[in-house]
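Here the structure is laid out as structure tokens; the discussion comes afterwards.
Reckoned from all heavy atoms, side chains included, excluding hydrogens, waters and symmetry mates.
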Amino acid sequence: MDYNKLYTDFDTIKEKTFYGRYLDVDQLQKSILGLPSQFEIQEIGKSVNGIPIHCAFWGNGKKKVLAWSQMHGNETTTTKALFDFVNYLDQEKSSDFVKQLSSECSLALIFVLNPDGAEAYTRVNANQIDLNRDALDATQPEMKALHQIYKEFTPDLCLNLHGQRTIFSAGMQPNSAVVSFLSPSVNHTRSVTSTRIKSMQLILEMNEMLQNFIPNQVGRYDDAYNPNCTGDYFQGLATPTILFEAGHYPNDYDREETRKLIFMSYIKLFESFMNNAFACIDYKAYLEIPKNQKLFYDFIFRDVFIQNQKYDLAIHYEEVLEGKQIIFEPKLVEVGNLEHSFGHHEVKINEKAMAINGQTLLKIPEINSIIKEIRTENNIFSIKILKK
């Protein structure tokens, strides 16, 4: 596969119905039901609020892959990339790659497992339950639907598709974790089982490809065991499972660049999986992928004088749903010495006379206050409220 060509040709592949962070649930339903004819669409359950949950089946091969996205309703990037992947399968249906994939593999794709959460743009479902903490007991209708399709489809590989916040770095360096992966644990001792090894090997295949496009910006997610987490649960049932985390590419708050990289990761994974190319890889290299660290803020203003003391001010964008639009509000989240943290945007102030939002700074501002402007004697630093 020519991944450089995939990268440059992506605009001709991507599904242009969806853009940005909020995906309209009605449009998602229409798009799923309107997938190309080679996809068989089945309703596999309903959400708490009665919205249908659909699964799209494709291919005729013996190797089965089950993928689900938007288990957390506000994590949409992997969903966009699934639609892009569908477009690719349709556009390239006469190519050797797609023909082989169809004959070697059978896919079951759940684009939106948590439609109520997607509609409200929340992590949880309508019962305020995190579905990724409901795998063991399956108390929620959405998780019951996932369990049922797992039992019926009997996959050989599971893909647990998520998104992560801008806070994550790939290791201890100032490199944003644009894409992160995890081979989930099967017990508290984090035993390296044959099932985990397969997941690690496939991750290494994707990591090798991604390093050509985002060097040093692929992370390894924490593998602490939680039997209630979906990935740990299915991995514990001896089905190789991979967690995808779509993260922050510099200045890409719409996650459109990340979307492209996730799409390319899907292609690489299926290429390796259907050809069994991953089997000869030394899985130990998986542990060399930098572990995710929570070292980033969206903004850091350094050396801010407050009452003749120097502080660093850290600001995060908070995502707020207004109608069907996401508003990114800059909120103060930390004041102190942040020398071991990084900002996606950093400004060094080092001036004693300053004001925040037009008010002279005489004391430490309140945490969670919205910061739109920092003004000094010599400069004005504006922070836009992003509307996406």
Side-chain angles (χ1 to χ4, degrees), residues 20-22 72-75 120-124 128 130 163-178 219 222 245 247-255 258 292-388:
R21 298 294 282 277
Y22 184 78
H72 295 144
N74 59 352
E75 297 174 1
Y121 199 71
T122 59
R123 178 181 176 91
V124 295
Q128 304 302 304
D130 184 339
Q164 65 184 13
R165 297 169 61 199
T166 59
I167 62 175
F168 289 102
S169 61
M172 301 300 294
Q173 301 302 312
N175 301 318
S176 179
V178 179
D222 177 38
E245 292 282 355
H248 181 70
Y249 187 91
N251 298 312
D252 178 32
Y253 285 91
D254 286 319
R255 299 281 169 94
T258 306
N292 274 12
Q293 305 291 333
K294 297 178 180 179
L295 296 181
F296 265 100
Y297 297 95
D298 289 311
F299 296 85
I300 294 181
F301 289 88
R302 297 197 182 276
D303 297 344
V304 175
F305 278 93
I306 305 174
Q307 297 174 337
N308 293 319
Q309 296 286 329
K310 274 188 181 182
Y311 297 90
D312 298 327
L313 273 57
I315 294 169
H316 269 320
Y317 275 128
E318 181 176 314
E319 299 169 31
V320 179
L321 180 64
E322 290 187 2
K324 293 186 177 181
Q325 186 178 35
I326 300 301
I327 309 298
F328 291 79
E329 292 185 341
K331 289 192 174 182
L332 183 70
V333 293
E334 191 74 41
V335 177
N337 181 350
L338 303 176
E339 63 178 322
H340 299 299
S341 298
F342 312 115
H344 292 295
H345 304 276
E346 292 201 11
V347 178
K348 192 165 186 176
I349 300 293
N350 206 26
E351 293 186 44
K352 293 192 175 183
M354 63 177 299
I356 288 183
N357 297 341
Q359 299 293 318
T360 301
L361 189 60
L362 299 176
K363 62 180 182 179
I364 294 175
E366 291 184 12
I367 296 297
N368 291 325
S369 57
I370 295 177
I371 308 294
K372 297 180 182 179
E373 179 189 87
I374 293 181
R375 185 187 295 261
T376 69
E377 288 183 351
N378 300 308
N379 291 288
I380 299 175
F381 304 98
S382 296
I383 304 174
K384 293 181 180 179
I385 294 180
L386 300 180
K387 296 184 179 182
K388 299 293 183 182

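Remark: side-chain polar atoms of R255 are paired, donor with acceptor, to backbone N or O of G247 under 3.5 angstrom. At distances below 3.5 Å, at least one donor-acceptor pair connects side-chain atoms of N337 with backbone N or O atoms of E339. A donor-acceptor pair is defined here as one N or O able to donate and one able to accept, closer than 3.5 Å; such a pair exists between the side chain of S169 and the backbone of Q293. Of the possible donor and acceptor atoms, none in the side chain of D298 sits under 3.5 Å from a partner among the backbone N and O of T166. A distance-only check finds a donor-acceptor pair linking the side chain of N357 to the backbone of K372 [under 3.5 Å]. Of the possible polar contacts, one joining the S176 side chain to the H248 backbone as a donor-acceptor pair under 3.5 Å is found. The closest donor-acceptor contact from the side chain of D312 to the backbone of V335 lies at 3.5 Å or more, if one exists at all.
Atom CD in E373 sits 10.0 Å away from atom CD1 in I356 (nearest 0.5 Å). In this structure, I327 CD1 and E318 CD are separated by 12.0 Å, a value rounded to the nearest 0.5 Å. Atom CD1 of residue I167 and atom OG of residue S341 lie 11.0 Å apart, to the nearest 0.5 angstrom. Taken from CG in N175 to CG in L295, the straight-line distance is 10.5 Å, to the nearest 0.5 Å. A distance of 12.5 Å separates CZ of F301 from CG of D303, quoted to the nearest 0.5 Å. For the atom pair CD1 (I374) and CD1 (I349), the distance works out to 5.5 Å, reported to the nearest 0.5 Å.
Side-chain N/O atoms of N292 and Q164 include a donor and acceptor closer than 3.5 Å.
Nearest heavy atom pair, residue V320 against residue E329, reads CG2-OE1, 3.9 Å. The shortest heavy-atom contact between L332 and E366 is CD2-O, 3.6 Å. What you find for L321 and A120 is that their closest heavy atoms are CD2-O, 3.5 Å. Of all non-hydrogen atoms in P330 and Y317, the two that sit nearest each other are N-CD2, 3.7 Å.
Within the 4.5 Å cutoff, the side chain of Y121 has heavy atoms near those of the R21 side chain. Two residues are said to be in side-chain contact when any heavy atoms from C-beta on lie closer than 4.5 Å; Q307 and I364 fail this criterion. Within the 4.5 Å cutoff, no side-chain heavy atoms of E334 are placed close to those of I300.
The neighbour count for R302 CZ, taken as heavy atoms of other residues, nucleotides or ligands under 6.0 Å away, is above 12.
The aromatic rings of F299 and H345 lie parallel to each other, with less than 30° between the two planes, well short of the 60° mark.
Among H344, H316, H340, the one residue that satisfies the ring-ring contact (aromatic ring centres under 6.0 Å, His included) test with Y297 is H316.
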